Amino acid sequence: MNLLIEKTSFASPRARALAKKLGIDLSHYNGSGPNGRIIEEDVIYYTQHLNSPISDQTPPKKQPRKITPLAKNIATIENIDIEKIQGTGQDGKIVSTDILKQIEPLHNHTDKKKIRLAGVRKVIATRMAESKRNAPHVTLTVKTEVTNLVNYRNEYMKKHSIKISFTDLLIKMVAASLQQHPKINVSLEEDMLTYYSDINIGVAVAQEEGLIVPVIHQANQKSLEQISVDLKDKVNKARAGKLKPSDMENSRFTISNLGMYAVDAFTPVINQPESAILGVGRMIEDIIVENSQIRIGKTMVLSLSFDHRVMDGAPAAEFLGKIKHFIENPEEILSLQN
């Protein structure tokens with residue numbers, strides 16, 4: 001009687017309530033809870049084994065799954081139920097590959113859309129691949145201050161009542177730099193170097209299908225206003241799909257400006273048969289140190305990619321330095337106006 005009271009009282013309240021409802025005498029059973037306490041799960045187990053001998057039965061305790069620490073961490077992160085996984089390790093131990101097999105279908109269940117490369121995009125892909133394959137690219141970068149350039153542009157537009165863009169100014173500056181560094185205005189085709197006297201600047205224009213490069217011909221002979229009108233006209237035609245082949249021919253050097261996309265710097269790919277291309281980053285407020293004095297100004301990064309077969313680093317660096325000089329001293333453009 002004492003044993004009956006002891007065993008019955010050493011059951012959880014929920015276990016006793018369920019046992020009473022089912023008419024089970026808990027004095028014949030052992031528990032699987034802490035210190036052998038009978039819990040509700042034990043009573044449920046007993047109801048499934050009432051036909052078994054009623055002698056101090058102890059429900060089998062659930063054995064923890066064998067799993068490696070790495071597999072357990074992955075399962076936790078990916079919310080994978082390890083009870084449903086058959087381990088392939090020693091003695092059925094779950095290893096990381098077992099978990100990864102469960103994850104793979106979840107991550108790969110993605111809708112895909114495939115479009116055959118064609119049209120303008122295919123032409124661009126072919127030319128860029130050929131350029132990188134045939135021309136050993138080297139890219140030089142330099143940070144230049146544009147504080148004076150910003151002020152110069154604002155004053156110029158106010159004085160002349162015309163709107164000009166920074167790209168217009170860059171075209172004028174690059175054209176002037178090419179005129180002073182003719183070895184950059186060159187192309188290599190079939191082991192023949194061709195040096196050009198005409199200075200034609202291509203400007204990369206983004207379209208939905210890909211880049212189009214309209215050309216400002218004889219840019220060194222045009223005023224800022226003429227360059228601005230010419231560029232606006234060709235950009236509008238490019239975006240409307242109305243550019244003529246002649247509008248895109250005979251480019252000698254290309255400018256690719258990604259500043260409007262908040263790009264700081266990049267390594268542009270040469271538009272062959274040209275031998276160099278200028279990448280232009282965004283303008284940012286920056287700390288300028290000059291004569292041991294600190295001030296706030298505006299800067300941007302220029303990236304010049306050139307064909308190392310055609311020119312070496314020194315002349316390319318001098319050319320890039322000349323562009324930087326014009327940007328930091330834009331008033332010199334006035335002496336170049338026609």
Side-chain angles (χ1 to χ4, degrees), residues 120-146 167 169-206 210-220 248-259 261 263-282 299-328:
V120 174
R121 187 71 260 169
K122 185 174 182 179
V123 172
I124 293 172
T126 301
R127 293 186 65 182
M128 292 299 98
E130 288 177 352
S131 179
K132 290 293 286 186
R133 182 170 56 250
N134 297 329
H137 282 56
V138 177
T139 302
L140 306 179
T141 60
V142 64
K143 180 189 285 189
T144 180
E145 185 179 0
V146 293
T167 302
L169 288 162
L170 284 169
I171 291 171
K172 186 67 177 176
M173 292 172 178
V174 169
S177 300
L178 283 171
Q179 197 163 11
Q180 295 184 23
H181 293 82
K183 289 184 179 180
I184 309 299
N185 197 24
V186 61
S187 68
L188 173 63
E189 295 181 89
E190 298 181 357
D191 297 327
M192 292 294 293
L193 283 172
T194 303
Y195 292 89
Y196 299 100
S197 58
D198 56 343
I199 296 178
N200 307 326
I201 308 295
V203 180
V205 176
L211 287 177
I212 295 292
V213 184
V215 180
I216 307 302
H217 296 92
Q218 306 294 347
N220 59 314
M248 298 181 286
E249 292 176 347
N250 300 320
S251 176
R252 309 302 184 205
F253 185 96
T254 296
I255 297 174
S256 180
N257 188 350
L258 294 181
Y261 298 107
V263 172
D264 291 316
F266 61 105
T267 54
V269 179
I270 299 168
N271 184 24
Q272 289 189 310
E274 300 169 22
S275 297
I277 181 172
L278 182 70
V280 182
R282 66 173 173 168
T299 64
M300 71 179 180
V301 176
L302 302 176
S303 303
L304 177 71
S305 291
F306 65 91
D307 187 343
H308 213 331
R309 298 173 303 171
V310 175
M311 68 190 78
D312 295 323
E318 290 175 359
F319 170 69
L320 184 59
K322 177 56 69 173
I323 298 174
K324 172 181 166 67
H325 173 79
F326 280 133
I327 289 174
E328 294 179 348

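As the structure is a prediction and not an experimental result, all values here were calculated from the model.
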Next on the checklist: Using the side chain to side chain contact (heavy atoms under 4.5 Å, CB included) criterion, which residues pair with Ala317? Sequence neighbours excluded.
Outcome noted: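 Partners of Ala317 under the side chain to side chain contact (heavy atoms under 4.5 Å, CB included) test: Leu140.
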
Checklist entry - Who are the side chain to side chain contact (heavy atoms under 4.5 Å, CB included) partners of Val310, not counting sequence neighbours? => result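 Applying side chain to side chain contact (heavy atoms under 4.5 Å, CB included) to Val310 gives Val186, Leu188, Leu193, Ser275, Asp307.
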
[atom1]/[X] to [atom2]/[Y] distance, rounded to the nearest 0.5 angstrom?
X      : Y      : atom1 : atom2 : result
Ile323 : Leu170 : CD1   : CG    : 8.5 Å
Leu304 : Ile270 : CG    : CD1   : 8.5 Å
Gln218 : Ser197 : CD    : OG    : 7.5 Å
Ile216 : Ile171 : CD1   : CD1   : 5.0 Å
Gln179 : Ile199 : CD    : CD1   : 4.5 Å
Thr167 : Ile201 : OG1   : CD1   : 12.5 Å

[X] and [Y]: which non-hydrogen atoms are nearest, and at how many Å?
X      : Y      : result
Tyr195 : Pro182 : CD2-O, 3.8 Å
Gly202 : Ser251 : N-OG, 3.3 Å
Pro315 : Ile184 : O-CD1, 4.0 Å
Met248 : Pro214 : CG-CA, 4.3 Å
Ala204 : Leu211 : CB-CD2, 4.3 Å
Ala219 : Lys172 : O-NZ, 4.3 Å

With sequence neighbours excluded, what pairs up with [X] under the side chain to side chain donor-acceptor pair (under 3.5 Å) test?
X      : answer
Lys132 : none
Ser256 : none
Ser305 : Thr139
Asn185 : none

Between [X] and [Y] (side chain of the first, backbone of the second, donor and acceptor by atom type, cut-off under 3.5 Å), is there such a pair?
X      : Y      : value
Asn220 : Ala176 : no
Asp312 : Ala314 : no
Ser131 : Asn271 : no
His181 : Ala316 : no

Next on the checklist: Set out, in order, the CA-CA distance, both residues' side-chain angles and the distance that settles side chain to side chain contact (heavy atoms under 4.5 Å, CB included) for His137 and Thr267, then state yes or no.
Outcome noted: CA-CA 9 Å; His137 282 56; Thr267 54; over 6 Å; no

Next on the checklist: Walk me through whether Val280 and Leu302 qualify under side chain to side chain contact (heavy atoms under 4.5 Å, CB included).
Outcome noted: CA-CA 5 Å; Val280 182; Leu302 302 176; 4.3 Å; yes

Heavy-atom side-chain proximity of [X] to [Y] below 4.5 angstrom:
X      : Y      : answer
Leu178 : Phe319 : yes
Met300 : Thr144 : yes
Phe266 : Tyr261 : no

Salt bridge (charged side-chain N to carboxylate O under 4.0 Å, His left out) partners for [X], two or more places apart:
X      : result
Asp198 : Arg252
Lys324 : Glu328
Arg127 : none
Glu130 : none

Checklist entry - Residues two or more places apart in sequence or in another chain: which of them pass ring pair (Phe, Tyr, Trp, His ring centres under 6.0 Å) with His308? => result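 With sequence neighbours excluded, His308 shows a ring pair (Phe, Tyr, Trp, His ring centres under 6.0 Å) to Phe306, given in chain and number order.
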
Item to check | Selection residues 177-195 - residue pairs positive for salt bridge (Lys or Arg N to Asp or Glu O under 4.0 Å), sequence neighbours left out | outcome: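 For residues 177-195: none.
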
Next on the checklist: Pair Ile327, Val146 - check side chain to side chain contact (heavy atoms under 4.5 Å, CB included), show working.
Outcome noted: CA-CA 6 Å; Ile327 289 174; Val146 293; 3.7 Å; yes

Checklist entry - Please walk me through it: do Asp264 and Arg282 pass side chain to side chain contact (heavy atoms under 4.5 Å, CB included)? => result CA-CA 5 Å; Asp264 291 316; Arg282 66 173 173 168; 2.7 Å; yes

